[in-house]
Participant: 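My questions all concern the structure below.
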Amino acid sequence: MSFLKVHDHLLQIYGPQHWWPARTPFEVMVGAVLTQNTAWRNVEKAIANLHAVGALDAEALLRAPLPRVAQWIRPAGYFNVKATRLRNFCAWYVARGGEDALRSLETTDLRRELLAINGVGPETADDILLYAFQRPVFVVDAYTRRIFRRLRLVEGDEPYNELRAHIEARLRRGRRELVGLYNEYHALIVRHGKDVCKTKPRCELCWLACKSRERQAGKSSKALQGAAQ
DNA sequence: ACCCAGGGTCATA
DNA sequence: TATGACCATGGG
């Protein structure tokens, strides 16, 4: 079972996910910060509030008092922390010349600058790189670690960059368009992660993951038997 | 009542 | 490098 095959299974099961749900690249970036450890529907409420008051804009967010931003994004949780993070991000965004100027940066430079912002970690940075700037970056999240661990494709507790590099290296050989592939793949993993094995007849991928674990158990028990002889 | 959600930072060892 | 505490809302 290759990383590419897993993608194809997921696509067959769920169909295209059409990520990222946002009107503009800036809205993607705001959503990426707000969705940290938070259910997406709560983020939608926060973004709707920002949209309603005309604050879905970097300059507007910088003009607004921090406590007011916090109230706007309250449904997204951690609102005091995230208000500061949004402000940090907007300060960088404006100082750096906005979307058009940022588009001309190399992916590695863009990532380094994103990670330098207090409140933007590896996953948030990669969400922004992939879904706002269309860069070929595979986003690793908790669902990613879980599904690939269950399929015995990774250990699951590797450092972020190690896991990303490992998966990207094995997806690059598929002769496919990478931005589209990474876009759909991460979205499908999240979609699958939400209702994994909660559906009555186990989906094909969960079934495969189960078989994969049984294979592993069989091998290790045989190894133990062999060692006992 | 408890658990989790499309993480990240900071203090500590 | 690697744990643990902390942030906070809303839905199951």
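The chains referred to below are lettered A, B, ... by the order of the sequence lines, with proteins before strands, and numbering in each begins at 1.
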Participant: Does the ring center of A:F3 lie less than 6.0 Å from the ring center of A:Y185?
Facilitator: no
Participant: Residues two or more places apart in sequence or in another chain: which of them pass ring-ring contact (aromatic ring centres under 6.0 Å, His included) with A:H9?
Facilitator: none
Participant: As a quick check of understanding, evaluate salt bridge (Lys or Arg N to Asp or Glu O under 4.0 Å) for A:D157 and A:R149, giving each step before the final call.
Facilitator: CA-CA 9 Å; A:D157 54 357; A:R149 172 178 176 75; 5.9 Å; no
Participant: Can you tell me if the side-chain N/O atoms of A:T124 get under 4.0 Å from OP1 or OP2 in B:dG8?
Facilitator: yes
Participant: May I have the step-by-step check of salt bridge (Lys or Arg N to Asp or Glu O under 4.0 Å) for A:K211 and A:E214, ending in yes or no?
Facilitator: CA-CA 5 Å; A:K211 301 304 288 183; A:E214 286 174 5; 3.3 Å; yes
Participant: Between A:V81 and A:L86, is there a shared hydrophobic cluster once you connect ILVMFWY residues whose side-chain heavy atoms come closer than 4.5 Å?
Facilitator: no
Participant: Quickly work out the A:K82 NZ to C:dC6 C1' distance and round it to whole Å.
Facilitator: 13 Å
Participant: With a 4.0 Å heavy-atom cut-off, tell me which residues in residues 181-189 of chain A come close to DNA chain B, sorted by residue number.
Facilitator: none
Participant: Per the salt bridge (charged side-chain N to carboxylate O under 4.0 Å, His left out) rule, what does the pair list look like for residues 25-34 of chain A, sequence neighbours excluded?
Facilitator: A:R23-A:E27
Participant: Just checking A:R85: base, sugar-phosphate only, or nothing, at a heavy-atom cut-off of under 4.0 Å?
Facilitator: base
Participant: Got a list of protein N/O to nucleotides 10-13 of chain B N/O distances below 3.5 Å?
Facilitator:
residue: B:dC10; atom: OP1; partner: A:N118; partner atom: ND2; Å: 2.9

Participant: Can you see which heavy atom on A:Y182 is nearest to which on A:R172, and at what distance?
Facilitator: OH-CG, 4.1 Å
Participant: Would you classify A:V120 as touching base, sugar-phosphate or nothing, given that sugar-phosphate means primed atoms plus P, OP1 and OP2, and contacts are heavy atoms under 4.0 Å?
Facilitator: sugar-phosphate
Participant: Side chains of A:T124 and A:D127: donor-acceptor distance under 3.5 Å anywhere?
Facilitator: no
Participant: Measure the distance from CD on A:Q36 to C1' on C:dT9 and round it to the nearest whole Å.
Facilitator: 15 Å
Participant: Could you tell me the separation between the CZ atom of A:R146 and the P atom of B:dG6, rounded to a whole number of Å?
Facilitator: 10 Å
Participant: DNA chain B: stems of at least 3 consecutive Watson-Crick or G-U pairs, cut-off 3.5 Å?
Facilitator: B:2-5 with C:9-12, B:7-13 with C:1-7
Participant: Looking at A:R135 and A:E106, what are the two nearest heavy atoms and their distance?
Facilitator: NH1-C, 3.7 Å
Participant: Quick one: is A:N80 getting a side-chain N or O under 4.0 Å of the C:dA8 phosphate, OP1 or OP2?
Facilitator: yes
Participant: Should A:W20 be counted as stacked on B:dG6, where stacking needs a ring-centre gap under 5.5 Å and an angle between planes under 30 degrees?
Facilitator: no
Participant: Check whether any side-chain N or O of A:K45 sits under 4.0 Å from OP1 or OP2 of C:dG11, and answer yes or no.
Facilitator: yes
Participant: Within a 6.0 Å radius of atom CZ on A:R68, are there more than 12 heavy atoms belonging to other residues, nucleotides or ligands?
Facilitator: no
Participant: Heavy atoms under 4.0 Å, any strand shown: does A:V81 hit a base, just sugar-phosphate, or nothing?
Facilitator: sugar-phosphate
Participant: Would a single hydrophobic cluster contain both A:L66 and A:V30, if residues Ile, Leu, Val, Met, Phe, Trp and Tyr are joined by side-chain heavy-atom contacts under 4.5 Å?
Facilitator: no
Participant: So A:Y14 and A:H192, would you call those rings parallel, tilted or perpendicular, with 30° and 60° as cut-offs?
Facilitator: perpendicular
Participant: Does this structure show an ion pair linking A:R103 with A:E99, if we count only N-O contacts that are shorter than 4.0 Å?
Facilitator: yes
Participant: Closest nucleotide of DNA chain C for A:T38 versus for A:R41: which of these residues is on the 5' side?
Facilitator: A:T38
Participant: Provide a list of protein-nucleic acid N or O atom pairs under 3.5 angstrom, restricted to nucleotides 2-4 of chain B.
Facilitator:
none

